[in-house]
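To find a chain, count down the sequence lines: A is the first, B the second, and so on, and within it residues start at 1.
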Amino acid sequence: MHARFALLSGLLVLAACRQSDRSQTTDAHAEGSSGGAILSAPQQGDYSTSAFHIGEGQRLYAWMNCAGCHGPHGGGGMGPSFMDGQWRYGSSMAEIVRTIDGGRPNGMPSFHNRLTGQQMWQLAAYVRSLSGLAPNDVVPSRAEDVSTKAPMTQRAPDKPAKPGEAY
Amino acid sequence: MRRALGLPPLMLLSGCSGVQAMSEGAGFGSHQFNQLMLLFLVVTGLSFLLVLAFLALAVAGRRNEAGEPRLRIWLIGWTGFILIGLLILTIASFISDRRESRQGAEQTPLKVTVSANQWWWDVTYQNDDPTRIMHTANELHLPAGQPVQIKLGSGDVIHSLWVPALAGKQDLIPGRENDIRIVPTRIGHYRGQCAEFCGLQHAHMAFDVTVESPQAFAAWYQAQLNPAREPTDPGVKAGHDWFMSHACSNCHAIQGTPANGHTGPDLTHVASRATIAAGTLPMSRGNLMGWIANPQGVKPGAHMPAVGMSPDELHAVASYLETLR
Amino acid sequence: MTASDHSEDEPRDGPELDGDELDLVLSQTWGDKPGLWGWLCTVDHKKVGKRYIVTAMIFMALGGVLALMMRLQLARPDSGLISADRYNQIFTMHGTTMMFLFAVPVMEAFGVYLVPLMVGTRAISFPRLNAFSYWLYLAGGVMLWIAFVRDVGPDIGWFAYTPLSGPAYSPGKRADFWAQMITFTEVAALAVAVELVATILKQRAPGMRLDRIPLFVWSMLVTAFMVIFSMPAVTLASSFLLSDRLVGTQFYNGTEGGSALLWQHLFWFFGHPEVYIIFLPGLGFVSAITETFCKRPIFAYPVMVAALVTTGLLAFGLWVHHMFATGLPRLGYAFFTAASMSIAVPSGVQIFCWIATIWDSRPRLEIPMWWVIGFIITFVIGGLTGVMVASVPLDLELHDTYFVVAHFHYTLIGGAVFPLLGAITYWFPKITGRMMGRPLGIAAFVLVFFGFHLTFMTMHFTGLMGMPRRVYTYPAGLGWDALNMTSTIGAFILASGVLVFVVNIIWSLRRGVPAGDNPWGAASLEWATTSPPRPYNFAHIPAVTSHTPLWEETLPVFSGLRVKERELVLTTVVDAVPDLRDPSPRPSIWPLLSALATTGMFIWSIFSPWALVWGAIPIAIAMTLWFWPKEPPEPEKEPVIE
């Protein structure tokens, strides 16, 4: 009996320090009239290791038709692959958000004003996870559609293409 | 006559009617439901009273000297009563089901496709003439007396389309095409709601159903086919321009404008709807502004992001949306 | 009776060794070491059964608190008391806790405690497996609740439909904790089911033919078979879900050849028998209590047994009635409607037989009988609304509304919890040696009964007014406001009744009137021994000549079993003719260690598939040491047992 009471009170103590697996998206980033993204978000860690935000990023990847250039599940196509561990501009969250926000030469459009800051951070978190950069327990194994690659929970970065090799 | 007999006890039992109450009987399906329910109530009620009476007498201490043989006979009788009762109910149920599936079978149905998403309803009125195919969201207008055949699909998880006042429900399952036929019979405004748990905002996934005369329906349909009006007033135009150059047009479509997103509800005639955010808030300028400024406050977890806007921008966009009648 | 002993000085129970001397020796043989070590190593079915009961009742209390939180949120429209995410976790945990962590385990717990006593044997079959199953159940429940407390609790509903519970729409590990809890509790339930079947079929007292088994034992036998056939379906379903989520298999992905509906079929193939698994032991309680307080055997015993078996069989043919809205072929629906209606027949027949038993006797209205009467009134209502939702046209309106919530609470609380509370009151003297207090017992019954009906009768109307299930809030003006407030008030009354019941238990443990062996004057074998029973259950194995052994003139006993070794009598399946003597295992730490190893593997496998490989090694080691062969008993000539 006593052991059980101890266990229960221990549980209540744990309740005080719970980590949230899913944060409510109530923070409306004050973007101002220019609609610029928050590039220096202090919650960067929260996004890149949050299952909820990576899941939202997966949804946005489909909704914004990123697959059109980057391939379904980031295999590459007109645009670079997200799965090969190669990052032209660095793999940090801030750099990826900068890419989405401002666009890049050779075809990456700017989504400035087209996506909110939070959405960009969510996409960045997802895109990083395609390259195996997110911990395994926050990554969705697959989407509910056609699968073309190994499950994301089993993914290590693909071998990078050698110079001159086509995708 | 049967209807007159049927409704009052049910109304009594259900307290009162409501836009989302089954007792409304405003469609053939829900009408059948009320009648069948009455039969079930009578048969099951009788069984319950018999059990109660037997129990009361037993507990009160009735002892029977020649107990066992009489009880054995009663057991056989009771088993027979249960079997016959269940048989009656099963057959009645079967007949009711057949009747409903046959109702309006000879008429040409109105064809609608509904695709459910977390947490809104994508509605398309089909037509053989492609120029008369019409998109709307989170609402259904139906002509009274004409059956509507609704094709049901889902863009993500399992939902369920249900307008209790009109008919029973049917699930929308990704990867399957279900359909449901509703025969609305009484003019009025009703409310439907998703009836299969579908995630965070399942509670706020409702839709408005208006059953109206065929003429009123035709007028509504014609108005819906028109693209959005071009704004003339400068304040409204500011809102229009803001809408087109920011995140809104990524997800929403407004016919006749560059906005052509399909991941959110079609807004071409949003101001003509009774509610917004899938039945969550009544349509009004204030509610529109509140919803756009802070979707997560109204419907936490909804996929509509909070797009940062200044108060002037918010007013302009709201003014523009108000013109989309 | 004499025992002729041809071996060397192997002491056996009988005229030479009886009374206090026999008790001393048997207690040493069958007892546990004192202190924590003994507590951890015990394989005594009574101790393990008590643990199961206490743990299950704690989970019931936790699930009840969740229900009160739900009712507080729903008392008013558009309430902001509990957020959507938190509410979704709460209602999922409420259903999951009640169904998997309370209802099935508590029924199995009573089976584990009572069945060996009722069939007149010294131990349950496979006692170490019994201990192992408890630790596994505890681990699964604790894991799930820790996850919930840390905001990683499941939020997908207790039946977790795909694709909502799949990898794309349930990010993180929430659904995985839920699915793995199923594995824990399912293994535990299967273990107990197997033990019950073996005990009931092979360890009955000599003379206890199949037509002399108490009806409670029959209900546990049918329940155990239902567990064995239905639990694998849900483990399969949850394992497929874990696999989809962990390693990207496509079982529930329609675009790759799987099917979202596959989950529903697998789950409900288990889910429907599950509710009968919960319900049938309740029927057994009712039979036991009614028989005692009417001082006569239940009317039409063969009919009652046939009804139990029929219910158990039919329960497997109903599952699609949970899927009437999914668009399956109509002809199939007609079959399931007919089957769902027909299961009302055996239940209806049983209701008649109990009332007939009361009719043909002078019932003593002690507290357990009040619960039986409450059961009859409540369960019949639930069964009748069940007949309503068995009809497809009615179900298409009523499915997933508060009408269904009302229906299943009427059948589960009326059909299982009321008998359970009566059973606790009835067997409390046997388990603890004290009677439960009467005034508190009356108060608890009144509060629970009226609170229950106020809460759930109202919900029928709430459903008819169109309120769907699983909504964290609702708008004002739909006519649901007063109905919800009424249900909330009723829920608190119901909860206060449960609280009074618990207070009664705690009070009675210390201050209850001491009970003798058979305070109610009952007929079945568990009342033939002390209250609480000694570790060895019976000083001498009883022999049985009728269905109501303690109401006969005498209770003959067997003698001749060894007293320095743990030994049981095995009898034949149908006629209970003594057949073999069988050793029973001594206390062991290996069940606990194996359960710890298994727990480690199960939890690790939520995070990595390699757990199945590496985690199997500690399990293999622990189980090898568990099953390490013991020395065979010394060869000796067979004694004669008369």
List for me each residue that meets side chain to side chain donor-acceptor pair (under 3.5 Å) alongside C:Thr385, sequence neighbours excluded, and say none if there are none. C:His407
Centroid-centroid under 6.0 Å between B:Trp74 and C:Phe352 rings: no
Atom group of C:Gln89 that falls short of 4.5 Å from chain B, counting heavy atoms: neither
For the residue pair B:His204 and C:Tyr472, categorise the inter-ring angle as parallel (less than 30°), tilted (30 to 60°) or perpendicular (more than 60°). perpendicular
Measure B:Ile173 against the heavy atoms of chain C and call it side chain, backbone, both or neither at under 4.5 Å. side chain
Most contact-rich option vs chain B, by heavy-atom pairs under 4.5 angstrom, among C:Val380, C:Asp78, C:Asn88, C:Ile376, is C:Asn88
So which part of C:Phe91 gets closer than 4.5 Å to some heavy atom of chain B, the side chain, the backbone, both or neither? side chain
Structural part of C:Thr162 lying under 4.5 Å from a heavy atom of chain B: backbone
Of the listed C:Thr326, C:Asn253, C:Val349, the one with the largest count of heavy-atom pairs under 4.5 Å with chain B is C:Thr326
Taking the side chain as C-beta and beyond, is there a heavy-atom pair between C:Met304 and C:Pro297 under 4.5 Å? no
Proximity breakdown for C:Phe293 and chain B, heavy-atom pairs closer than 4.5 Å: neither
Flag the one option from C:Ile355, C:Asp400, C:Val471 with the top tally of heavy-atom pairs under 4.5 Å to chain B. C:Ile355
Would C:Trp359 and C:Phe299 count as a close aromatic pair, with their ring centres under 6.0 Å? no
Heavy-atom contact with chain B under 4.5 Å, split by part of C:Leu365: side chain
Among C:Thr473, C:Val392, C:Thr255, C:Val387, the residue with the most heavy-atom pairs under 4.5 Å to chain B is C:Val387
Count the heavy-atom pairs under 4.5 Å between each of C:Ile351, C:Thr337, C:Ile381 and chain B, then report the option with the highest count. C:Ile381
Do C:Tyr410 and C:His453 have their ring centres less than 6.0 Å from each other? yes
Are the charged groups of B:Glu196 and B:Lys169 less than 4.0 angstrom apart, N to O? no
Part of C:Arg296 within contact of chain B (heavy atom distance under 4.5 Å): side chain
Applying a strict 4.5 Å limit to non-hydrogen atoms, the region of B:Leu75 in contact with chain C is both
Return the option, out of B:Ile82, B:Thr90, B:Leu55, with the maximum number of heavy-atom pairs under 4.5 Å with chain C. B:Leu55
By a 4.5 Å heavy-atom criterion (distance strictly below it), what part of C:Arg469 contacts chain B: side chain, backbone, both, or neither? backbone
Contacting moiety of B:Ser154, where chain C heavy atoms sit under 4.5 Å: neither
In terms of heavy-atom pairs under 4.5 Å, which option from B:Arg176, B:Gln32, B:Glu100 contacts chain C the most? B:Arg176
For C:Trp480, is it the side chain, the backbone, both, or neither that has a heavy atom closer than 4.5 Å to a heavy atom of chain B? side chain
Please report whether the ring centroid of C:His321 lies less than 6.0 Å from that of C:Phe336. no
Indicate the ring-plane relationship of C:Tyr161 and C:Phe159, choosing parallel, tilted or perpendicular according to the 30° and 60° boundaries. tilted
As an exercise: rank C:Ala260, C:Gly327, C:Gly254, C:Ala300 by heavy-atom pairs under 4.5 Å with chain B and give me the winner. C:Gly327
